[in-house]
Amino acid sequence: MIPVTELTEQTAPELAVELGLTLDEYAKITDILGRVPSTTELYMYSLMWSEHCSYKTSGKYLKTFPTEGEHVLQGPGENAGVISAGDGLALAFKMESHNHPSAIDPFEGAGTGIGGCARDIFAMGARPIAFMGSTRFGSLDSKHQRWLFEEATKGIASYSVGMDVPTVAGEVYFEDAYAGNCLINAMVIGLLREENLTRAQAHGVGNKVILIGLPTGREGIGGASVLASAEFVANEDGESPSVDVTGVVGNPDGGRRLSEVSLELLEKGLLIGLGDLGAAGLTSSASEMASRAGTGIEIDVDTVPQKEEGMEPHEIMVSETQERMLAVIDPKDLEEVEAICAKWELPVTVVGQVTDTGNFVVRAGDVIHGVMPAHSLAEEAPPYDPEVARPDYLDELAAFDIGALDHPQGLEALNETLLKVLGSSNICSRQWAYEKDGTDKLDQIIVAPGNDAAVVRIGEGDSTLSFASCADCNGRYAYLDPYRGAQIALAESARNVSCVGAKPAAITDCLNFGSPEKPEVFWTFVEAIRGIADGCKALDVPVISGNVSFYNESSGVPIYPTPVIGMVGLLDSADESCTLAFKDYGDVVILVGETADELGGSEYLNVIHNVAAGVIPALDLELERDVQTVVRDLIHKDLVKSAHDCSDGGIAVALAESCIAGEIGATIVLDNDLSAVSSLFSESQSRIIITCESDDVDHVIDAFNNQNVPFSVIGEVGGDRLMIDKSIDLALDEITPAYNYALEKMLVAE
């Protein structure tokens, strides 16, 4: 079969370049096909071979990640990764970026980012039960950045509420580095029984290919995959990217119904394969399903329900209309499938069939518009290995003399400093954001947003089997040292789930970087990958899914390297979970780990001195593992009443957060030889603040000594003030409003 086309040997290369393919890539396509490609074929190859869909630049390095582990049922290569969670239950989870679309339309961009990730989850046979967001914007001093943040938050909340799935955890940072290119990373966690695990594969010659969901329109043609494979150029006011793309609009209720249909069809054994239609639409889903199964697939675009007249075959094949799934079924089950879809008021249409040719055929009735090896679309994008060069700025920033700064001294100045850091945009409470996201709709939430990690009960009946989850990355650290900065993101995410009592089980990631065509940028990517891979091996935590987002730049200026880690940990019982809040008068406060003079890249430097420089904290992964292990064991033995990770902002911030959460004060003595500023605001790693009853102190100390884990007894819970040495003396009435209401005040600033 030779497809119909008006392209010639002269016009086809021109269209290929216009669509983002290189001339070398065009030549490879002609070699694969043995002829001049058609318009439809060029559109399909251009999207499937884009960086966003093919990982042609990053794939070599992603293969260095450890992907196997005790709990892993499905690693990278499918719509989402899956781990066993006990009692025959499993968790599917995935993190995806929707950065560039969100810079154009933050409400729809953030919402459809969550929606697309949710479809990846129920494509695995799992019901989405928890959303998480990891987002970054420029300074809230800018009206435009406030608008981006508010609209993106509303978009996530709208989808969360519309799908009746709560947002249980997340993070948000505000840095000038993200002013021209915000980051919206969405993570979704789903629950399934192990025996219901399904995969996006098109098996069974003669089986029907059906399209379930909303009619196909011209939304996002060339959208997510093209936007994520090119950098932005700022417009005249420097606020919005000058990209012209048809907007993609989400439909949360449609997404909810699509989830219910998919899960009911899976539970009744009516689906042979199920795939999400996200970036590149039908092209991506169908080619990947056929390639994984080693089969062929035919799609008749005339049968695809369309909401706009006159759509061309290539438009139908690459449309990114939301709330659609592609499924493979046995022809004998069609009537039952149609009945279930009708019950949920969702259209279902037979649009093709599985073949034994290995080809992806696109037809409009009897007219052929494309014939391509399915594997070539999904797996044969030419690999690239760009040049790397260590950025010159690293040595200069590492040599910055922090000691030469005018640091605050004395009680009054240090009190004021702590209040400024507590009320800064990167430290203050996120309650304004997470209370919009329907967290009250799931009574299985055991540890709610605002803690180190969320804890959600998943056990059936009387079982209290649970999981913990969080997302972490300090982009400033990765900017100053991408290898160690990425490891710190991993270590902190593991520490956070350990603080609530869970054992880290697996991660997903969202790797956000600038243009890989710039050697200095690609070096930071390679180093971050190396850091995560080494860290995962040391902590015995596999990578089971993830996403790479390149070209996060505006007018040639890249974002901070931002390798976000989405961590999931497991608890045998929700009763073994812990929170950060100080509990009772007389409880003893213990610092696990040690504080060093490590202010490089700290929030203190950022807030008080507007400096992003210095050497970031050291990280001993063996110590990190031991600290987490002993704290988890003590939590499970009911010897720890509160536990809180000590990281951004240092020990002064961590103590204040525990006081605020527990509505009780503390008297603290930090026994070290550091300056007051370093003692309070150093961000040394592998530290956890715990409390225990006075009668249990000896047992707790024995546990640390047995594991050779450093610790110090630093104080006692009680009163209505936070007092730290002779450096801090503040009433809860002062620190609580400074922390709780700062974000809301920033958003209404003139």
Side-chain angles (χ1 to χ4, degrees), residues 58 61-62 64-65 95 134 136 171-178 183 185 388-400 402 426 470-496 507 509-514 516 520-539 541 543 546 548-550 552 558-567 596 598-606 611-621 623-624 645-650 682-687:
S58 57
Y61 298 95
L62 298 177
T64 65
F65 284 157
M95 185 177 280
S134 174
R136 282 156 181 80
E171 60 167 4
V172 58
Y173 278 85
F174 302 95
E175 302 267 4
D176 289 340
Y178 305 104
L183 299 186
N185 295 174
V388 296
R390 187 175 183 273
D392 293 335
Y393 70 79
L394 289 174
D395 291 333
E396 179 182 351
L397 293 177
F400 182 84
I402 296 173
N426 288 338
C470 64
D472 288 289
C473 180
N474 186 322
R476 200 182 312 126
Y477 280 177
Y479 168 66
L480 296 171
D481 185 335
Y483 176 83
R484 192 153 78 237
Q487 284 195 338
I488 287 175
L490 172 70
E492 184 179 356
S493 65
R495 198 182 315 131
N496 279 329
I507 70 165
D509 58 52
C510 206
L511 309 174
N512 307 272
F513 291 81
E520 293 81 4
V521 169
F522 197 64
W523 182 87
T524 67
F525 172 78
V526 172
E527 285 296 291
I529 291 287
R530 189 169 68 89
I532 295 170
D534 289 349
C536 284
K537 293 168 187 174
L539 297 179
V541 180
V543 182
V548 177
S549 177
F550 280 135
N552 291 290
I559 61 164
Y560 283 160
T562 311
V564 178
I565 304 297
M567 177 70 72
E598 295 178 304
L599 290 172
S602 67
E603 200 59 34
Y604 160 79
L605 284 185
N606 180 53
V611 168
V615 176
I616 69 172
L619 179 64
D620 181 335
L621 287 168
L623 172 63
E624 182 71 52
D645 166 39
C646 186
S647 53
D648 292 355
S682 167
E683 295 181 2
S684 295
Q685 297 298 297
S686 309
R687 294 182 300 164

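- You'll find the side chain of Leu511 reaches within 4.5 Å of the side chain of Leu62, heavy atoms only.
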*asked:* Using the rule given for side-chain hydrogen bond (donor to acceptor under 3.5 Å, both in side chains), can you reason through Ser134 versus Glu171, listing the C-alpha separation, both sets of side-chain angles and the distance that settles it, and then say yes or no?
replied: CA-CA 5 Å; Ser134 174; Glu171 60 167 4; 2.7 Å; yes
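- For the 3.5 Å distance criterion, the side chains of Tyr178 and Thr562 qualify, holding a donor opposite an acceptor.
- To the nearest 0.5 Å, the span separating CG on Asp481 from CG on Leu397 amounts to 11.5 Å.
- Residues Glu492 and Ile565 have side chains not in contact (no heavy-atom distance under 4.5 Å, counting atoms from C-beta outward).
- In this structure, SG on Cys470 lies 9.0 Å from CG on Asp645, to the nearest 0.5 angstrom.
- Here Asp648 contributes atom CG and Asn426 contributes atom CG; the two are 7.5 Å apart, rounded to the nearest 0.5 Å.
- The main-chain N or O of Ser647 is never found under 3.5 Å from a side-chain atom of Arg687 such that the two would form a donor-acceptor pair.
- Atom CG of Leu183 and atom CD1 of Ile559 lie 4.5 Å apart (nearest 0.5 Å).
- Between the side chain of Arg495 and the backbone N or O of Glu624, no donor-acceptor pair lies under 3.5 Å.
- With hydrogens and angles ignored, the 3.5 Å screen pairs no side-chain donor or acceptor of Glu683 with any backbone N or O of Leu599.
- With Val521 as the partner, the side chain to side chain contact (heavy atoms under 4.5 Å, CB included) test is satisfied by one option alone out of Pro558, Pro561, Pro516, Pro391: Pro558.
- Residues Cys536 and Leu490 come closest through the heavy atom pair N-CD2, 3.3 Å.
- No donor-acceptor pair under 3.5 Å is formed between the side chain of Asp509 and the backbone N or O of Val564.
- Within the 4.5 Å cutoff, the side chain of Glu175 has heavy atoms near those of the Asn606 side chain.
- A heavy-atom distance below 4.5 Å is found between the side chains of Arg476 and Tyr560.
- Using modelled atom types, no side-chain atom of Arg136 and backbone atom of Tyr173 make a donor-acceptor pair closer than 3.5 Å.
- The backbone N or O of Cys510 sits less than 3.5 Å from a side-chain atom of Asn512, completing a donor-acceptor pair.
- Every residue was checked against the side-chain hydrogen bond (donor to acceptor under 3.5 Å, both in side chains) condition with Tyr479, not counting sequence neighbours, and none meets it.
- Nearest heavy atoms, Ala398 versus Val615: O-CG2, 3.6 Å.
- The distance from atom OG of Ser684 to atom CG of Asp620, rounded to the nearest 0.5 Å, is 12.0 Å.
- Between the CG atom in Asn552 and the CZ atom in Phe513 there is a gap of 10.0 Å [rounded to 0.5 Å].
- A salt bridge links Glu527 to Arg530: one of the charged nitrogens lies within less than 4.0 Å of a carboxylate oxygen.
- The side-chain hydrogen bond (donor to acceptor under 3.5 Å, both in side chains) test applied to Asn496 returns Asp472, not counting sequence neighbours.
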